[in-house]
2 protein chains.
Amino acid sequence: MVEHDIPRATAKRLPIYYRYLKLLLDSGTVRVSSNELSDAVKFDAATIRRDFSYFGALGKRGYGYDVEALMTFFGEILNQDTLASVALVGVGNLGQALLNFNFHQSSNARIAAAFDVNPDIVNTIQSGIPVYSLDDLEKQITDQRIDVAIVTVPADVAQDVAKRLATAGVRGILNFTPLRLDVPKSIRVQNVDLTNELQTLLYFINNFGEK
Amino acid sequence: MVEHDIPRATAKRLPIYYRYLKLLLDSGTVRVSSNELSDAVKFDAATIRRDFSYFGALGKRGYGYDVEALMTFFGEILNQDTLASVALVGVGNLGQALLNFNFHQSSNARIAAAFDVNPDIVNTIQSGIPVYSLDDLEKQITDQRIDVAIVTVPADVAQDVAKRLATAGVRGILNFTPLRLDVPKSIRVQNVDLTNELQTLLYFINNFGEK
DNA sequence: CGTTTTTTGTGAATGAAATAACAATTTTTT
DNA sequence: AAAAAATTGTTATTTCATTCACAAAAAACG
Ligand SMILES: NC(=O)c1ccc[n+]([C@@H]2O[C@H](COP(=O)([O-])OP(=O)(O)OC[C@H]3O[C@@H](n4cnc5c(N)ncnc54)[C@H](O)[C@@H]3O)[C@@H](O)[C@H]2O)c1
Ligand SMILES: NC(=O)c1ccc[n+]([C@@H]2O[C@H](COP(=O)([O-])OP(=O)(O)OC[C@H]3O[C@@H](n4cnc5c(N)ncnc54)[C@H](O)[C@@H]3O)[C@@H](O)[C@H]2O)c1
């Protein structure tokens, strides 16, 4: 694997580059400079050049980057050719919204199975995705070779769910609950704490804003 | 203002500390050490002590921190006494979920007004919150003294909406669209890019996971 | 009451990421 | 074809964040 010691911060920006490059290609743009990219994605141009340089010399001095070539290159790095199957646990408020959105148009992932305990929705199809009983979790995860799960259950059952996902063989969890999950360290947890995002924003504008 | 040069990273952790302290207090715990906190919130104990130390000496050597005192202290810093009114623009999939959740039980904010262009929901009440026409944006923002907005509209109208919010006097935006908004720099934008979170997670497990 | 244990607060060390600055190279212009 | 302009790739520098490590202080114990 070429991309071995890519900074984590760089990795987080890759999908953003990719998405914008796709946009550029669709609009017929053939070349782009780090400065133009910078305007769009709002990272410093030097940061962008440095990010790209981890993968080799992708641009041409005095010219910039070839949009199509760059997009193709990042597409491969991001595995855009293979569609990842993802599970969603907890088809409530937020789970429903994610199910319905389903990422497919905008990424290489799709939610393939959902799980809940509510008998009203278990064994129904929601937004085109089958909702299974939590009892079927292990079986479905294994059968469908799912290795990433989105967790949108109430906080008090999150740790339980995480443990079951872990033993079922999941390798990554996108955790929307405010709880910090305890899982084997071979499993990657990405926390999305929406309440925290809002509270942090409020803190900043209350303490450092103008007015 | 005491808290002037608090690292951004610290600020992002404050609501997490606060939330956990509340939990501890509810469970009747009277004292806590940085190590215990570390177990719960999964930040290094030294990081926690350093974070706290920006606000002075809040603990007692050989004892730890007094849960109630610490909670009260952070509550003030986070303005827990005043309820912030927030606007939500775009009552779709995700907007609906946020409306329904509404943060009130878990934080010092509540969504006070929502906006959309869809005539089916304009001038209705959704999850207890009035949905106004986008035409009323400026008036409502001003009248209700709203200074933070959550943006959950389609990407192609996000920049327009952001501009209107900016001129309406909003000081912070929680942006759920994949677009990086252009706003005056006095306005703080917090991006929540869910597709990116998922893609980054996939990238990491595909490239650095075991198996 | 003295000794041991616990735990903070912080200086110093380390690590990670962002930015600046510029030579090297290519393109564009005249 | 020479001069000017654009733009990369990278080295050096700066900024920001985490972690180590330990003296200082308080608590617990015997
Ligand atoms: N909705 C939001 O806007 C929002 C914002 C911030 C945080 N969150 C967090 O996201 C999580 C989900 O929030 P929500 O508003 O969608 O909650 P919700 O109550 O609407 O949905 C939870 C769903 O999980 C299901 N469930 C309960 N126990 C389960 C189990 N053991 N296994 C599988 N499914 C189970 C419930 O039946 C329900 O359908 C919560 O932890 C919440 O704190 C949500
Ligand atoms: N839903 C998700 O899970 C999810 C995931 C990742 C990203 N996003 C992003 O979040 C945003 C919202 O997603 P969604 O799934 O809720 O979309 P959606 O289409 O369900 O909802 C968008 C809402 O905005 C309204 N709207 C359109 N133009 C408007 C305008 N000018 N002013 C006010 N309202 C307007 C529409 O009527 C609709 O109600 C999108 O930018 C999407 O890319 C959503």
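Convention: sequence-line order gives letters A, B, ...; per-chain numbering from 1.
- Taking only side-chain nitrogens and oxygens, A:K60 comes nearer than 4.0 Å to OP1 or OP2 of C:dT27.
- Contact annotation: A:R13 side-chain N/O to C:dA18 OP1/OP2 distance is under 4.0 Å.
- Distance, A:K12 NZ to C:dA16 P: 14 Å, rounded to whole Å.
- Side-chain N/O atoms of B:R61 and base N/O atoms of C:dT8 include a donor-acceptor pair closer than 3.5 Å.
- Interatomic distance, B:L78 CG to B:Y17 OH, rounded to the nearest 0.5 Å: 12.0 Å.
- Rounded to an integer number of Å, the gap from A:L37 CG to D:dT7 P is 12 Å.
- Checking B:V192, B:L88, B:T152 one by one against B:L94, the side-chain contact (heavy atoms from CB on, under 4.5 Å) holds for a single residue, B:T152.
- Residue-level contact check: B:F52 touches neither bases nor backbone, having no heavy atom under 4.0 Å from any strand.
- Between A:F74 and A:F52, the ring planes lie tilted relative to each other; the angle falls in the 30° to 60° range.
- Listed pair B:Y65 / C:dG9 meets the phosphate criterion, a side-chain N or O lying under 4.0 Å from OP1 or OP2.
- In this structure, CZ of B:R49 is placed 15 Å from P of D:dA23, rounded to the nearest angstrom.
- Note: CD1 (B:I48) to P (D:dC20) measures 13 Å, nearest angstrom.
- As rounded to whole Å, 14 Å separates atom P of D:dT10 from atom CG of A:D51.
- For A:R8, whose side chain is taken as the heavy atoms from C-beta onward, the closest listed nucleotide among D:dT19, D:dT10, C:dA17 is C:dA17.
- Rounded to an integer number of Å, the gap from CZ of B:R31 to P of D:dA27 is 9 Å.
- Within the 4.0 angstrom heavy-atom criterion, only backbone atoms of the sugar-phosphate kind lie near A:S34; the bases stay farther away.
- The CD1-P distance, from A:I6 to C:dA18, rounds to 14 Å in whole Å.
- Using a 4.0 Å cut-off between a side-chain N of Lys or Arg and a carboxylate O of Asp or Glu, A:D182 and B:K42 qualify as a salt bridge.
- Nearest nucleotide to the side chain of A:A57, out of D:dG9, C:dT8, C:dT19: D:dG9.
- In the set C:dG9, D:dT18, D:dA28, the nucleotide with an atom closest to the side chain of B:A9 is D:dT18.
- Checking the phosphate oxygens (OP1, OP2) of D:dT19, a side-chain nitrogen or oxygen of B:T47 falls inside 4.0 Å.
- One interatomic measurement links the two molecules: CZ of A:F43 to P of C:dA18, which rounds to 9 Å at whole-angstrom precision.
- Positionally, the nearest nucleotide of DNA chain D for A:Y63 lies more toward the 5' end than for the other of A:R50 and A:Y63.
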Q: Please report the C-alpha distance between B:N207 and A:I6 in whole Å, then the side-chain angles of each, then the deciding distance to 0.1 Å, and finally whether the side-chain contact (heavy atoms from CB on, under 4.5 Å) criterion is met.
A: CA-CA 11 Å; B:N207 293 284; A:I6 293 161; over 6 Å; no

